[in-house]
Amino acid sequence: MKKKIFVALDFNSLDKAIDTSKKIKNEIAGVKIGTELYTICGSEGLREIKDLGLEIFLDLKLHDIPNQVKKTVAAIASLKSVNYLTVHTSGDYEMLKAAKDAAGNSIELLGVTVLTSQSNIQTLGIKNSIKDQIKLLANLAVKAEISGVISSAQDISLIRSVSQKLKIFCPGIRSGEDNQDQKRVMSYANFSKIADDKTFAVIGRPIIEGDPVQNIKK
């Protein structure tokens with residue numbers, strides 16, 4: 001069975017991140033490194049985690065003018081440690097295309113659609129419903145020829161109506177009903193029923209808090 005989980009290493013310590021990764025590396029597809037850990041560990045930390053044999057999903061959610069994004073993606077690609085890198089699809093086509101040009105075949109780009117913590121995008125002045133906005137942004141990802149998107153598991157079928165080829169990485173996956181600071185969530189049991197071989201769960205606290213070995217077994 002293909003491994004479906006990327007574990008979010010939401011730590012402020014590289015030692016903790018490496019220790020946790022070592023304990024569960026044989027049970028997961030890879031790890032997600034966000035802005036907190038990356039700020040602390042930098043490129044050297046990425047290499048140490050990569051040396052464990054894990055795929056790295058670097059979640060920086062880049063969103064800037066096209067030239068700046070292009071240079072940042074090129075710099076990250078030169079590290080040769082990162083498999084996946086996030087950019088905001090709301091940065092528009094020109095920004096996504098610049099990122100894609102810089103990534104080449106070195107990194108797969110994942111476009112953030114609507115954050116799983118967001119349930120009312122109208123407060124941002126966006127008149128679309130969440131689902132219409134996600135569909136619009138998924139189509140933009142397809143147009144820019146990036147590899148995949150970040151979206152709630154509740155929207156897997158919507159993304160698949162746009163593309164059968166996009167990879168889908170789903171945050172907000174829980175072991176039960178505890179939403180924590182997420183709003184559009186799904187249990188891992190329900191996720192497993194609908195996920196195809198290009199769809200992955202991104203799970204942090206339900207695994208890394210407490211005993212990660214026992215948590216991953218759940």
Joint cluster assignment, Ile194 & Val162, ILVMFWY side-chain distance < 4.5 Å
yes

Which heavy atom of Leu54 sits nearest a heavy atom of Gly30, and at what distance?
CD2-CA, 4.3 Å

Student check: side-chain heavy atoms of Lys61 and Val87 closer than 4.5 Å:
no

Mind telling me whether Phe57 and Tyr84 have parallel, tilted or perpendicular rings, with 30° and 60° as the class edges?
perpendicular

Are Lys97 and Glu94 close enough for a salt bridge, meaning some N to O gap below 4.0 Å?
no

Which pair of heavy atoms, one from Ser161 and one from Lys135, lies closest together, and at what distance?
OG-CE, 4.3 Å

Pairwise side-chain contact, Ile203 with Val7, heavy-atom cut-off 4.5 Å (strictly under):
no

Check whether any side-chain heavy atom of Ile33 lies under 4.5 Å from a side-chain heavy atom of Asp59, and answer yes or no.
no

Is it true that Glu27 and Lys3 have a side-chain N and a carboxylate O under 4.0 angstrom from each other?
no

Is any side-chain heavy atom of Leu9 closer than 4.5 Å to one of Ser21?
yes

Identify whether the distance between the nearest side-chain nitrogen and carboxylate oxygen of Arg160 and Asp196 falls below 4.0 Å.
yes

Does this structure show an ion pair linking Arg47 with Asp51, if we count only N-O contacts that are shorter than 4.0 Å?
no

Main-chain N/O of Leu110 paired to Thr86 side chain as donor or acceptor, under 3.5 Å
no

Under the 6.0 Å and 45° cation-pi test, does Lys167 pair with Phe200?
no

Under 3.5 Å, side chain of Asn83 to main-chain N/O of Ile56, donor-acceptor pair present?
yes

Check Arg205 with Asp10, please: is the shortest side-chain N to carboxylate O separation under 4.0 Å?
no

